[in-house]
Amino acid sequence: MGKPLRAVIVEDTATFRKVLSMVIEETKGIELVGEFPNGRSGLDGIRKLEPDVVLLDVEMPEMNGIEVLKTIKRDYEEIGVIIVSGADQRQADITVKALELGAIDFIPKPAEKSVMENVEVLKRKI
């Protein structure tokens, strides 16, 4: 078996960072190498950690996901970016823009009642 994909999470909500990290830890072939609470710290981490894939929220303080995506695609075009975002119409429009800018996929954030229910929903999507 080859090396696992190195993944970074850039998400401002601590609970959802936890959900994403649990999904990655339970997914064969993917290794979580970093978690960051905003776009600016995420870009610093991406520079240092050189991941293969980034799970990226759109709505974040300091630097939003679209700005982060543009920087990743400009400076590290080999890194895959998966947008993880809410499912309302505004988020849908932003997600379409992200896909046009080079994101490889979109995963809607689940809205289940517990962390474990959210983990199970996402595991079926990844």
Using a 3.5 Å cut-off and no angle test, enumerate the donor-acceptor pairs between side-chain atoms of residues 42-49 and protein atoms at least two apart in sequence or in another chain.
{"unit_1": "D44", "atom_1": "OD1", "unit_2": "R47", "atom_2": "NH1", "d": "3.1"}

Determine, using the 4.5 Å side-chain heavy-atom cutoff (strictly less than), whether [X] and [Y] are members of one ILVMFWY cluster.
X: L99; Y: L69; result: no
X: V96; Y: I83; result: no
X: V53; Y: L32; result: yes
X: M60; Y: M63; result: yes

Tell me which donor-acceptor pairs under 3.5 Å the side chains of residues 70-80 have, and how far apart each pair is, sequence neighbours excluded?
{"unit_1": "T71", "atom_1": "OG1", "unit_2": "E67", "atom_2": "O", "d": "3.1"}
{"unit_1": "K73", "atom_1": "NZ", "unit_2": "E77", "atom_2": "O", "d": "3.2"}
{"unit_1": "K73", "atom_1": "NZ", "unit_2": "I79", "atom_2": "O", "d": "2.8"}

**Report entry** Non-hydrogen side-chain atoms of P110 and N118 separated by less than 4.5 Å
**Finding:** yes
Query raised in the report: Are V84 and L56 close enough that some pair of their side-chain heavy atoms sits under 4.5 Å apart?
Result: no
[X]: which residues meet the side chain to side chain donor-acceptor pair (under 3.5 Å) condition with it, sequence neighbours left out?
X: E31; answer: none
X: E112; answer: none
X: N38; answer: S41, E62

Query - D105: partners by side-chain contact (heavy atoms from CB on, under 4.5 Å), with sequence neighbours left out - result: I82
Query raised in the report: Who passes salt bridge (charged side-chain N to carboxylate O under 4.0 Å, His left out) against E120, sequence neighbours left out?
Result: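 Partners of E120 by the salt bridge (charged side-chain N to carboxylate O under 4.0 Å, His left out) criterion, ordered by chain and then number, come out as K123.
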Tabulate below the donor-acceptor pairs under 3.5 Å that side-chain atoms of residues 7-24 make, not counting sequence neighbours, or state none.
{"unit_1": "E11", "atom_1": "OE1", "unit_2": "K109", "atom_2": "NZ", "d": "3.1"}
{"unit_1": "E11", "atom_1": "OE2", "unit_2": "T13", "atom_2": "N", "d": "3.0"}
{"unit_1": "E11", "atom_1": "OE2", "unit_2": "T13", "atom_2": "OG1", "d": "3.2"}
{"unit_1": "E11", "atom_1": "OE2", "unit_2": "K109", "atom_2": "NZ", "d": "3.3"}
{"unit_1": "R17", "atom_1": "NH1", "unit_2": "E11", "atom_2": "O", "d": "2.7"}
{"unit_1": "R17", "atom_1": "NH1", "unit_2": "D12", "atom_2": "O", "d": "3.4"}
{"unit_1": "S21", "atom_1": "OG", "unit_2": "R17", "atom_2": "O", "d": "3.4"}
{"unit_1": "S21", "atom_1": "OG", "unit_2": "K18", "atom_2": "O", "d": "2.9"}

